[in-house]
Number of protein chains: 2
Amino acid sequence: MKANLEDIALAAGVSKMTVSRVLRGGTGFSAETRDRVMTIAQRMGYVPNRLAAAFGSDQASTLVGMCVPRLTSGLFGHVLDGVDRALSRLGYQLMIGANNHSAEEEEAWIRQVIAWRPAGFILSGRIHTPGTVDLLREATGPVVEIWDLTTSPIDLSVGFSHVDCGAEMAQFLLRRGRRRAGYVGALARADVMGAARLEGFQSTLARAGHPLVASEVLHDMPGFYAGYYGLETLLSRQPRLDVVYFHNDEMAIGGLAYAQSRGIRVPEDLGIAGWGGMEAASILPRRLTTTIVPTTAIGKAAAEALVARLKGEGGPEVTVIPTRLEPGETG
Amino acid sequence: MKANLEDIALAAGVSKMTVSRVLRGGTGFSAETRDRVMTIAQRMGYVPNRLAAAFGSDQASTLVGMCVPRLTSGLFGHVLDGVDRALSRLGYQLMIGANNHSAEEEEAWIRQVIAWRPAGFILSGRIHTPGTVDLLREATGPVVEIWDLTTSPIDLSVGFSHVDCGAEMAQFLLRRGRRRAGYVGALARADVMGAARLEGFQSTLARAGHPLVASEVLHDMPGFYAGYYGLETLLSRQPRLDVVYFHNDEMAIGGLAYAQSRGIRVPEDLGIAGWGGMEAASILPRRLTTTIVPTTAIGKAAAEALVARLKGEGGPEVTVIPTRLEPGETG
DNA sequence: GTGAAAGCGCTAACAG
DNA sequence: CTGTTAGCGCTTTCAC
C-alpha cells in the first residue's frame with residue numbers, strides 16, 4: 001500500500017489538504033484541480049487510510065459493531081442481512097461477533113471491538129453485564145438493542161415482546177379448543193428470550209384456567225433434532241397432551257417429524273405450534289402454526305435508527321416491529 | 001473515552017513507553033511497575049485505541065475481512081461460525097459483508113474494507129474482478145479463498161470441488177439404476193458454484209450414456225419455494241424423469257414437499273437428491289440423499305490458514321476439506 | 001529496567 | 001480557491 005495524500009499532492013502540484021478535500025467530495029477547489037487530482041489518484045491506485053482518518057478526526061469512523069447470539073441461527077441470518085444491506089448502502093462497515101447467549105462473552109467481544117472506536121453498536125437482547133453497560137456508557141456512539149424490547153434501553157431499541165408472543169399463541173390455541181398444552185424448548189437458562197415466550201405462554205394458560213401440563217427444556221441447540229427427541233421425551237412422560245408449543249420452528253418441524261413417524265395425527269391428535277417463521281414452515285404438507293418475526297425489517301430498522309442518531313436526526317427511542325401470528329394448519 | 005497511555009503514565013510515575021510495554025504484556029519492566037500500571041489502568045477504565053496502534057505500527061491490525069455470497073444462507077452461517085470461533089479465540093476481529101453472488105459487489109466491499117488495513121481477507125468463491133485482484137495483490141496481508149477450490153488461488157485456498165460433487169452424485173444415482181435425470185436449480189448465472197455442480201453432474205451422465213433429460217433453473221433465491229415450484233415446472237415440461245438433482249437441500253426438501261402433495265412416491269416413482277447437508281434433511285421421514293459439506297470445518301481451516309500465514313508459519317497453499325455423499329433414502 | 005524523540009496519514013482550524 | 005500548522009495515541013528506535 002504505497003500512495004498517500006502527499007504523493008498525490010506532489011504529483012498534482014497542490015497541497016495535501018486540497019487532495020483531501022477533493023477525495024472526500026467536499027468543496028473549495030476548482031473543477032480543473034478536482035479532475036487532475038482524481039485522475040492522479042486513480043492512476044496511482046490510491047487507497048485511503050481510514051485508520052489514519054478515524055484516528056485523526058474521531059468523527060470519521062464508519063465502523064459498526066454487531067453482536068448476535070449465534071451466527072448459525074436462520075432468524076439472525078436474516079437480521080444480519082437487513083443490517084448489512086442498510087449499513088452498506090449508507091457507507092458503513094460491519095464488525096460482527098457471536099456471544100453464544102452469554103452476556104460475559106458479549107462483554108469480552110465489546111471490549112475488543114470498542115478499541116477500534118466504532119461509530120456505534122447493535123446488540124441483541126436486553127441482558128448485559130454491568131461491565132458492558134459501563135463500557136457503552138463511556139463510549140460516545142449510539143447503541144441499539146434489538147430483538148427483545150427493553151423497558152429501559154441503554155440507548156435505542158428495536159424489536160418486539162417475546163412475552164407477548166407466547167401469550168398470543170396461548171390465546172390462539174385456547175380459542176382453537178386446546179386444553180392440555182405442553183412445551184418443548186432448548187438451551188435452558190442461556191436463551192432468555194425463549195424463556196420469556198414460555199413465561200407469556202404459561203401465565204396466559206394459567207389465567208384461563210388451563211395451566212401448562214408439561215414442559216421439556218433440553219440443554220441442546222434448538223434445532224430439528226432437539227425438537228424430535230424433545231417431543232418424544234415429553235410424550236413419554238405425559239402422553240395426554242392436545243397441543244405442544246415449541247421454542248422455534250426448527251424444533252416444531254422436528255416435532256412434526258416425530259409425530260409423523262409415530263402415526264400421531266396433526267392437528268387431530270396433537271396440535272403443534274412453533275415460533276419464528278422460517279421459510280420451510282410454510283411449505284410443509286400442512287402449514288405450521290407459528291409466529292412470524294419480521295427479521296429483515298428489524299435489522300433494517302436497527303441500522304437506520306443507529307445512523308439517524310449518528311447524524312443527529314433523533315427518532316424514537318423504541319421502535320416496535322410487530323410480529324404476526326400465522327394460524328397455519330397444525331395448531 | 002478519556003484515559004490514554006499518557007494519563008496512566010503520569011499517574012504511575014513512569015513513561016508512556018513503560019505503560020505500553022506493560023499493557024501489551026511484553027518484557028522490560030519490574031513486577032512492581034507492572035502491578036502499579038495494571039492497577040491504575042484498571043481503575044481509570046482504560047480502553048486501548050487500536051486505531052492509533054494499527055495506524056502507528058502497521059503490524060498491529062487484527063482485523064479480518066470476510067465476504068460471503070449471502071448472509072441468509074444456512075451453509076454460510078456455519079462457515080461464518082467456524083471462522084468467528086477460530087478468529088476470536090486467536091484475538092482477531094471480523095468484518096463481514098455480503099456480495100449477493102456478484103464479483104462487482106465484492107470489489108466494492110473490499111474497496112471499503114481494505115481502507116481499514118485489515119490483516120487479511122477471507123473471500124468465498126474463485127471469481128473476482130480484475131480490480132479485486134489488483135487491490136489484493138497490493139495489500140500486504142494473506143487472502144484465503146474458500147468454498148470452491150481454485151486452480152490458481154490468489155494466495156491461499158480452502159474448500160472442495162463443486163464439479164466433483166456433481167460428478168459423484170451422478171455416479172451414485174447411476175449406480176442406483178437411475179437413467180432419466182433432471183435438474184432443478186436457482187439463481188442462474190449468479191451462482192457459479194451451483195453451475196459447477198450441474199456441470200459435473202451433467203458431463204458424468206453424458207459420459208455414461210444417459211444424458212440429462214431436462215433442467216429448470218429459476219431466477220430466484222434457492223429456497224424451499226423455488227424447489228417446490230421448480231419441480232412442478234420441470235415435471236410439467238418433462239414428466240418422464242426418474243430422478244431429480246437439486247441445487248441444494250432446501251430446494252430438494254421443497255421438491256419433496258411437492259412430490260408428496262401430488263402423490264408422487266419417493267424414491268419409487270421419483271428419486272430426489274440435494275446438496276449441502278442441512279440439518280433438517282436428516283430427520284425427514286426418509287433421509288435425504290445429499291452431499292454433506294463440512295461447513296464449520298471449512299471456516300475453521302480458513303481462519304487458521306490465514307493466521308498461520310500471518311505468523312509466518314507457512315502451511316499448504318491449498319487445503320482440501322472433503323465432502324461426503326450421504327446415500328440417504330430418497331435417491 | 002526505563003525513557004525521549006520521531007513519525008505513521010489524515011483532518012480541523014486557521015491564514016491567506 | 002488554496003496552503004500551513006498542529007496534533008490525534010500509539011509504537012519503533014535508539015539511548016541510557
Side-chain angles (χ1 to χ4, degrees), chain A residues 1-38 40-41 44-63 112 114-119 138-140, chain B residues 1-38 40-41 44-63 112 114-119 138-140:
Chain A
M1 213 72 67
K2 21 170 208 246
N4 60 21
L5 283 194
E6 186 143 30
D7 298 329
I8 300 174
L10 247 41
V14 293
S15 73
K16 287 189 332 186
M17 222 22 243
T18 300
V19 177
S20 172
R21 284 192 268 251
V22 170
L23 259 22
R24 278 181 298 156
T27 56
F29 43 78
S30 66
E32 186 204 5
T33 302
R34 185 195 59 222
D35 293 345
R36 189 151 33 93
V37 167
M38 288 300 244
I40 292 172
M44 287 185 161
Y46 173 70
V47 176
N49 187 336
R50 304 287 314 262
L51 246 26
F55 168 54
S57 103
D58 68 89
Q59 307 281 11
S61 175
T62 53
L63 256 23
Q112 296 290 325
I114 206 170
W116 294 98
R117 301 297 188 265
E138 290 181 30
T140 46
Chain B
M1 214 71 68
K2 26 177 200 242
N4 60 22
L5 283 193
E6 187 142 29
D7 298 329
I8 299 174
L10 247 39
V14 294
S15 72
K16 288 190 328 186
M17 233 5 261
T18 300
V19 178
S20 172
R21 285 192 267 250
V22 169
L23 260 21
R24 277 181 298 156
T27 57
F29 44 78
S30 66
E32 186 204 4
T33 302
R34 187 195 56 220
D35 293 345
R36 190 151 32 93
V37 167
M38 290 299 245
I40 292 172
M44 288 184 160
Y46 174 69
V47 176
N49 187 336
R50 305 287 315 262
L51 246 25
F55 168 54
S57 103
D58 69 89
Q59 306 282 11
S61 175
T62 53
L63 256 25
Q112 296 289 325
I114 206 170
W116 294 98
R117 302 296 188 264
E138 289 180 31
T140 46

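Atom set for the values below is all heavy atoms of this structure, side chains included, hydrogens, waters and symmetry mates excluded. Residue numbers begin at 1 in each chain, while the letters A, B, ... track the order of the sequences.
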Give the nucleotide from the list C:dG9, D:dT2, C:dG3 with an atom nearest to the side chain of B:S15.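 Side chain of B:S15 sits closest to C:dG3.
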Among the candidates C:dG3, C:dG1, D:dC10, find the nucleotide nearest to the side-chain atoms of B:N49.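 My answer, after comparing the listed nucleotides, is D:dC10.
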Is the phosphate of D:dG9 approached by B:Y46 (side-chain N or O, under 4.0 Å from OP1 or OP2)? no
Looking at B:S30, I'd like to know whether one of its side-chain N or O atoms comes within less than 4.0 Å of OP1 or OP2 on C:dG1. no
From A:M44 CE over to A:N4 CG, what is the distance, rounded to the nearest 0.5 angstrom?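 A:M44 CE to A:N4 CG: 9.0 Å, rounded to 0.5 Å.
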B:L51 side, atom CG; A:D58 side, atom CG - distance, nearest 0.5 Å: 10.0 Å
Quick check on the helix from C:dG1-D:dC16 to C:dG16-D:dC1: what's the angle between its two end axes, five base pairs per end, to the nearest 10°?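 Terminal axis comparison yields 30°.
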Once you round it to whole Å, what is the distance between [atom2] of [N] and [atom1] of [X]?
X      : N     : atom1 : atom2 : answer
B:R117 : C:dG9 : CZ    : P     : 8 Å
B:L10  : D:dG9 : CG    : C1'   : 15 Å
B:W116 : C:dG9 : CH2   : P     : 16 Å
B:D58  : C:dG7 : CG    : C1'   : 12 Å
A:R50  : C:dC8 : CZ    : C1'   : 17 Å
B:L51  : C:dG9 : CG    : P     : 15 Å

Could you check if a side-chain atom of A:Y46 sits within less than 4.5 angstrom of a side-chain atom of A:V37, using non-hydrogen atoms only?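 Counting from C-beta outward, A:Y46 and A:V37 never come under 4.5 Å.
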Any heavy-atom pair between the side chains of A:N49 and A:F55 that's under 4.5 Å? no
All side-chain hydrogen bond (donor to acceptor under 3.5 Å, both in side chains) counterparts of A:R50, not counting sequence neighbours: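 Once residues adjacent in sequence are excluded, the partners of A:R50 under the side-chain hydrogen bond (donor to acceptor under 3.5 Å, both in side chains) criterion are A:T62.
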Exercise answer: donor-acceptor pairs, residues 16-23 of chain A side-chain atoms, under 3.5 Å, sequence neighbours excluded:
residue : atom : partner : partner atom : Å
A:T18   : OG1  : A:S15   : OG           : 3.4
A:S20   : OG   : A:R24   : NE           : 3.3
A:S20   : OG   : A:R24   : NH2          : 3.0

Which pairs of donor and acceptor atoms, one on a side chain in residues 26-33 of chain B, lie under 3.5 Å apart (sequence neighbours left out)?
residue : atom : partner : partner atom : Å
B:S30   : OG   : B:T33   : N            : 3.1
B:S30   : OG   : B:T33   : OG1          : 2.7

Note: for B:T27 and B:F55 on DNA chain C, the residue whose nearest nucleotide lies more 5' is B:T27
According to a cutoff of under 5.5 Å between the ring centres and under 30° between the ring planes, does A:F29 stack with the base of D:dC1?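 Aromatic stack with D:dC1 absent for A:F29.
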Which nucleotides of nucleotides 11-16 of chain D have their base under 4.0 Å from a protein heavy atom (B), which only their sugar-phosphate (S), and which neither (-), written as one string 5' to 3'? BB----
Donor-acceptor pair, distance only, cut-off 3.5 Å: does the side chain of A:S61 make one with the backbone of A:R117?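 Here the side-chain-to-backbone pair exists.
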Non-neighbouring partners of B:D35 that pass side-chain contact (heavy atoms from CB on, under 4.5 Å), sequence neighbours left out: none
